[in-house]
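What follows is a set of notes on a single structure, which appears directly below.
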Amino acid sequence: MSRQNFHNLDASPNANGQLPMLSARGLLCERDERVLFCQLDFDLFAGDIVRIAGPNGAGKSSLMRILLGLSAGFEGQLFWHGQPMAEQIHDFRSQLLYLGHQLGVKGSLSAEENLAWFCPNARPDEIYAALQKVGLKGYEDLLTHALSAGQQRRVALARLFLADKPLWILDEPFTAIDKEGVSELEQVVIKHAQGGGLVILTTHHDLRVPVKTLMLGGQESEMPLC
Amino acid sequence: MLIALLKRDLLLAFRSRGDLLNPLMFFMVVASLFPLAVSPDPALLGSIAAGVIWVGALLAALLSLDLMFKGDYEDGSLEQMLLMPQPAMLMVLVKVLVHWLVAGLPLAFIAPLLGLMLGLADGGFMPLILSLLLATPTLSLLGAIGAGLTVGLRKGGMLMPLLILPLYIPVLIFAASAVQAGVQGTSYLGHMAFLGAYLALTLVVAPLAAAAALRISLAR
């Protein structure tokens, strides 16, 4: 029980009087008999960009998996639009876009084929436009194992332009992306939040984006930049 | 989403034909080694043909199960599938369908050739094809449970046969004896009825169980 000094996001009510989109009460995550965090409460609102921060091993990815409902090793409650998550799981999943540490991009499919399965409702011209936006014009028909690590990640990132989902959960989205790419992505994230979306991300990059920080482990640091 | 998944998996299967031909090659090699090892005597071979072909088919299906979820687990697509709003059991059904189309159905087409090679009596061909058509989906469905449970393990290859072989045994017994009944000229409808009932049961239970197994495997 060495990591008791958890710190939570400020749970003060939203200035616009909105209900929180995603809330957690009393989250506790234990891994290999070590408590990563406990008594974690937070309310996340539409329009927020939330960065889950903390040193390596603080439980950032574990928290994301708990939010996604992919993890069983936790206690506490999750709420989606104020309702218990267990009752809202279908609604939650249909509004979720998750970009994991592993991308889910198949090497033996082309960029276009990969996106066609991620976003089955997207028309081919929309897919081409999205690939152009992430700088992959001309690479649409190449098998993705022939692409570089950064380009493969860009294929996955093209989903941000295709799916119209309010909740984005992005695990290290900027890994292997070059500088210009990162600043473009920051703009996409800001635009999504301004449009009423909620973005939850982890990154070790210094973001030039107004974010709320959810600090796990480590010392107190609550910095709602604006 | 499910149709997109079906299209994607068939395309992936087509692009990695080599992996898929392995079980079929195995099936053919096993059956063709028997005359060399046992005896070229047609009467003897004819009497063991049903068993040899069915054991070969079962092992070939077992060999290919590892591929059902492994690739998707390793590159993260499995996570994405479990986060789809559609129930995970439908996703499992699609996966099973693809597995059956590429690894089960071809067995039913090749088996008559092997029967010919092993000197299977004329009455045995019909029950052989019918039993393979009826029972290979069961093998894929049951296999999905084992594949789902062991997908996260690095050495799941040894554990999976132990887990699912007991469930395969009834299929083997009834299918092989259906072929024997055909060879002897008696009715094999009872055996087929059992295989059909077993298929109906696994069709209902296995996708649920496999979806739960996948959730457990991913919630490490």
Side-chain angles (χ1 to χ4, degrees), chain A residues 29 31-32 61-62 64-74 80 88-110 112-122 124 127 143-145 149 152-153 155-156 159 162-163 165 167-169 171-172, chain B residues 1-22 67-92 94-95 97-98 102 148-149 151-152 154 208 210-220:
Chain A
C29 175
R31 219 154 168 198
D32 304 325
S61 291
S62 300
M64 279 200 164
R65 296 184 73 81
I66 289 172
L67 292 181
L68 291 166
L70 287 177
S71 178
F74 76 102
W80 176 246
Q88 297 293 317
I89 195 77
H90 182 269
D91 189 52
F92 169 74
R93 286 195 182 137
S94 57
Q95 300 191 29
L96 164 75
L97 192 156
Y98 168 62
L99 205 73
H101 191 64
Q102 294 162 305
L103 299 171
V105 170
K106 282 278 177 199
S108 50
L109 295 180
S110 71
E112 189 205 350
E113 286 160 352
N114 267 301
L115 288 174
W117 116 258
F118 276 128
C119 312
N121 298 326
I127 291 177
L143 297 189
T144 47
H145 63 59
Q152 290 186 7
R153 189 159 279 269
V155 172
R159 290 169 60 201
L162 283 171
K165 312 269 174 122
L167 173 62
W168 288 1
I169 298 187
D171 196 357
E172 298 282 353
Chain B
M1 186 57 111
L2 293 168
I3 292 171
L5 178 61
L6 182 67
K7 265 161 78 178
R8 180 195 88 133
D9 275 13
L10 285 174
L11 192 62
L12 279 173
F14 180 71
R15 297 247 163 103
S16 55
R17 292 179 288 265
D19 287 349
L20 297 169
L21 283 177
N22 269 346
L67 299 172
M68 202 187 286
F69 299 118
K70 201 87 182 175
D72 288 334
Y73 175 78
E74 279 164 359
D75 68 17
S77 346
L78 195 60
E79 270 175 1
Q80 299 287 345
M81 289 173 203
L82 288 181
L83 292 174
M84 296 191 313
Q86 288 84 358
M89 57 170 283
L90 293 180
M91 180 273 285
V92 170
V94 172
K95 286 263 164 205
L97 177 66
V98 172
V102 299
L149 275 173
V151 70
R154 245 170 298 160
L208 279 173
L214 284 173
R215 288 212 184 278
I216 293 168
S217 289
L218 276 178
R220 16 184 173 117

So for [X], is it side chain, backbone, both, or neither that comes closer than 4.5 Å to the heavy atoms of chain B?
X	result
A:L143	side chain
A:F92	neither
A:A116	backbone
A:L103	backbone

Exercise for review: Can you measure from CG (B:L11) to CG (A:L109) and round to the nearest 0.5 angstrom?
Suggested key: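 B:L11 atom CG to A:L109 atom CG measures 5.5 Å (nearest 0.5 Å).
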
Pairs of donor and acceptor atoms, chain B with chain A, under 3.5 Å:
residue: B:R15; atom: NH1; partner: A:S108; partner atom: O; Å: 2.8
residue: B:R15; atom: NH1; partner: A:E113; partner atom: OE1; Å: 2.9
residue: B:R15; atom: NH2; partner: A:E113; partner atom: OE2; Å: 3.1
residue: B:D72; atom: OD1; partner: A:K106; partner atom: NZ; Å: 2.8
residue: B:E74; atom: O; partner: A:Q102; partner atom: NE2; Å: 2.9
residue: B:D75; atom: O; partner: A:G104; partner atom: N; Å: 2.6
residue: B:D75; atom: OD2; partner: A:K106; partner atom: NZ; Å: 3.0
residue: B:E79; atom: OE2; partner: A:R65; partner atom: NH1; Å: 2.7
residue: B:Q80; atom: OE1; partner: A:R159; partner atom: NH2; Å: 3.2
residue: B:Q80; atom: NE2; partner: A:Y98; partner atom: O; Å: 2.9
residue: B:L218; atom: O; partner: A:R65; partner atom: NH2; Å: 2.9

Check your understanding: Any idea which of B:L218, B:L83, B:L12 has the most non-hydrogen atom pairs under 4.5 angstrom with chain A?
Key -> B:L83

Study note, to complete from the structure: Checked B:G71, B:A4, B:G76, B:P87 vs chain A; the most non-hydrogen pairs under 4.5 Å come from B:G76

Review point. Taking A:C119, A:P120, A:G104 one by one, which has the highest count of heavy-atom pairs under 4.5 Å against chain B?
Key: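 Among A:C119, A:P120, A:G104, the one with the most close pairs to chain B is A:G104.
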
